[in-house]
Amino acid sequence: MDVGAGDQGIMFGYASDETSDCMPLTHSIATRLGKKLTDVRKSGELWWLRPDGKTQVTIEYVGKEDGSVEPQKIHTVVISTQHAEPLKAVRSKECAGYNGPEMTAPSMADMNKEIEEKVIKRTLEEIKLKSGKPALTLYGSHTHLHINPSGKFIIGGPQGDAGLTGRKIIIDTYGGWGAHGGGAFSGKDPTKVDRSAAYICRQMAKSVVSSGLAARCLVQLSYAIGVAKPLSLFVEAYGSEKGQLTVDDITNVLKIEFDCRPGAIAASLALREPKYQETAAYCHFGREAVTKDGIKFFEWENAKDLKKYASMSSEQVAAALKGSNYLTKWVD
């Protein structure tokens, strides 16, 4: 439990009640559009797609007096995706091992229609808002579509661009919502708090929101190299705290319920297991926590139940903190 942090730094976690998985809607849509592009390509439904691609989503929000944000409409969807040569490429040469009836890639216009129907609309139907309605209800004639806006996108991947991996820190987190300490995740073991502390920050923020203590929550931790206890814990609720609890009270609740020493994080989130390839695409957060063959994936998405604190006063939370063992986990 006393293993020191692998480096100094600050890490953040964010959650919002706008979607069922407590992720910002813009980011949920963008990452799931990317996943859907892969799914329809690999299934053969849109066989003329190629692996390279990226997405971007703009949503109009209204900020409410209680600090929450509510999506009003999907303003713009951008998808740039690699594809086979329109009206020329044939499936037998495009798809290794295919031996069915021959097909020719459609025109660019038909490709765009297929992408809208089988990628965009299907994805939006699957994402649920906090009202229980699908995100597709925010999509319509008012939505601006930019599908391959630069024209043909035939050459992609390492043949078209080259660069280092591990640095897509915004798509790996919250799409620009909340904050980011600058550290990438991929390739780092649990003692590297760039990764493990960002995971526990997400669990803390999601626990606060899913338990109804606040509508939005940002949690920040900081560390020094070789020191086990976090140097600081900061909570921002954007004025969305509920009931009698203040941000200071929520901070104290997190001190009671969580242990953010690197060794404790590795234990509670089961991080010392060979499972990180699953996190390499489609975001590290907003994923389904599952157990496969005894190995826990995305355990940080399992929010802790903090509902018992919702009805407490500041005095009661302070008393609970005093009666806990928080000084073994946190600096005074």
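Side chains included, hydrogens not; waters and symmetry mates left out as well; all remaining heavy atoms used.
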Do any N or O atoms from the side chain of [X] and from the backbone of [Y] form a donor-acceptor pair under 3.5 angstrom?
X	Y	result
Lys42	Leu37	no
His83	Met111	no
His284	Ala280	no
Tyr98	Pro101	yes
Thr251	Val247	yes
Ser240	Gly67	no
Ser28	Leu25	no
Thr137	Lys133	no
Arg41	Trp47	no

Can you tell me how far the [atom1] atom of [X] sits from the [atom2] atom of [Y], to the nearest 0.5 Å?
X	Y	atom1	atom2	answer
Ile265	Asp259	CD1	CG	8.0 Å
Ser211	Tyr309	OG	OH	10.0 Å
Thr31	Tyr174	OG1	OH	12.5 Å
Thr38	Leu46	OG1	CG	11.5 Å
Asn112	Glu117	CG	CD	12.0 Å
Ile147	Glu114	CD1	CD	11.0 Å

For [X], look at atom [atom1] and say whether over 12 heavy atoms of other residues, nucleotides or ligands are found less than 6.0 Å away.
X	atom1	answer
Lys304	NZ	yes
Asn99	CG	no
Glu65	CD	no
Lys113	NZ	no
Glu102	CD	yes

**OP:** May I ask you to say whether Asp21 pairs ionically with Arg32, meaning some side-chain N is under 4.0 Å from a carboxylate O?
**Re:** yes
**OP:** Using a strict cut-off of less than 4.0 Å between a Lys/Arg side-chain nitrogen and an Asp/Glu carboxylate oxygen, indicate whether Lys192 and Asp194 qualify as a salt bridge.
**Re:**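 Asp194 and Lys192: not salt-bridged.
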According to side chain to side chain donor-acceptor pair (under 3.5 Å), who are the partners of [X], at least two apart in sequence or on a separate chain?
X	result
Gln8	none
Lys130	Asp17
Lys296	none
Arg272	none

Tell me whether [X] forms a cation-pi arrangement with [Y], defined as NZ or CZ under 6.0 Å from the six-membered ring centre and within 45 degrees of its axis.
X	Y	answer
Arg216	Tyr238	yes
Arg202	Phe298	no
Lys292	Phe297	yes

Does [X] reach the side chain of [Y], with side-chain heavy atoms less than 4.5 Å apart?
X	Y	value
Val40	Arg122	yes
His27	Cys283	yes
Lys229	Lys329	no
Pro262	Tyr223	yes
Lys121	Leu136	yes
Pro106	Leu87	no
Thr26	Tyr61	yes
Leu221	Val193	no

Shortest non-hydrogen contact from [X] to [Y]?
X	Y	answer
Ile250	Val235	CG2-CG1, 4.1 Å
Gly181	Phe12	N-CD1, 3.5 Å
Val209	Cys22	CG1-SG, 3.8 Å
Leu233	Met204	CD1-CE, 4.4 Å
Ser68	Ala215	CB-CB, 3.6 Å
Gly294	Glu273	O-OE2, 4.2 Å

Cluster overlap [X] with [Y], hydrophobic side-chain contacts below 4.5 Å:
X	Y	answer
Tyr282	Val119	no
Met23	Leu269	yes
Val253	Leu327	yes
Trp300	Val290	yes
Val227	Trp330	no

**OP:** Could you give me the CA-CA distance, side-chain angles and deciding distance for Val69 and Glu18, then say whether side-chain contact (heavy atoms from CB on, under 4.5 Å) is met?
**Re:** CA-CA 7 Å; Val69 294; Glu18 63 201 78; 3.5 Å; yes
Subject >> side-chain contact (heavy atoms from CB on, under 4.5 Å) assessment of Leu271 paired with Tyr276 >> reply: CA-CA 9 Å; Leu271 297 181; Tyr276 291 104; 3.3 Å; yes
**OP:** For the pair Tyr199 and Phe185, evaluate ring pair (Phe, Tyr, Trp, His ring centres under 6.0 Å) and give the outcome as yes or no after the intermediate values.
**Re:** CA-CA 10 Å; Tyr199 289 171; Phe185 298 155; 5.7 Å; yes
Donor-acceptor contacts, no H, no angles, side chain residues 71-82, under 3.5 Å, sequence neighbours left out:
{"residue": "Gln72", "atom": "NE2", "partner": "Glu70", "partner atom": "O", "Å": "3.2"}
{"residue": "Gln82", "atom": "OE1", "partner": "Asp52", "partner atom": "N", "Å": "3.1"}
{"residue": "Gln82", "atom": "NE2", "partner": "Ile154", "partner atom": "O", "Å": "2.9"}

Original post:
What pairs meet the salt bridge (charged side-chain N to carboxylate O under 4.0 Å, His left out) rule with one or both residues in residues 231-258, with sequence neighbours excluded?
Top reply: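 Pairs touching residues 231-258 that pass the test: Glu257-Lys308.
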**OP:** Could you walk me through whether Leu145 and Tyr139 pass side-chain contact (heavy atoms from CB on, under 4.5 Å), step by step?
**Re:** CA-CA 11 Å; Leu145 279 184; Tyr139 181 86; 3.3 Å; yes
Original post:
Stepwise, does the side-chain contact (heavy atoms from CB on, under 4.5 Å) test hold for Ser324 with Leu321?
Top reply: CA-CA 5 Å; Ser324 72; Leu321 177 68; 4.1 Å; yes
Original post:
Centres of the Tyr14 and Phe285 rings: under 6.0 Å?
Top reply: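 No, too far apart.
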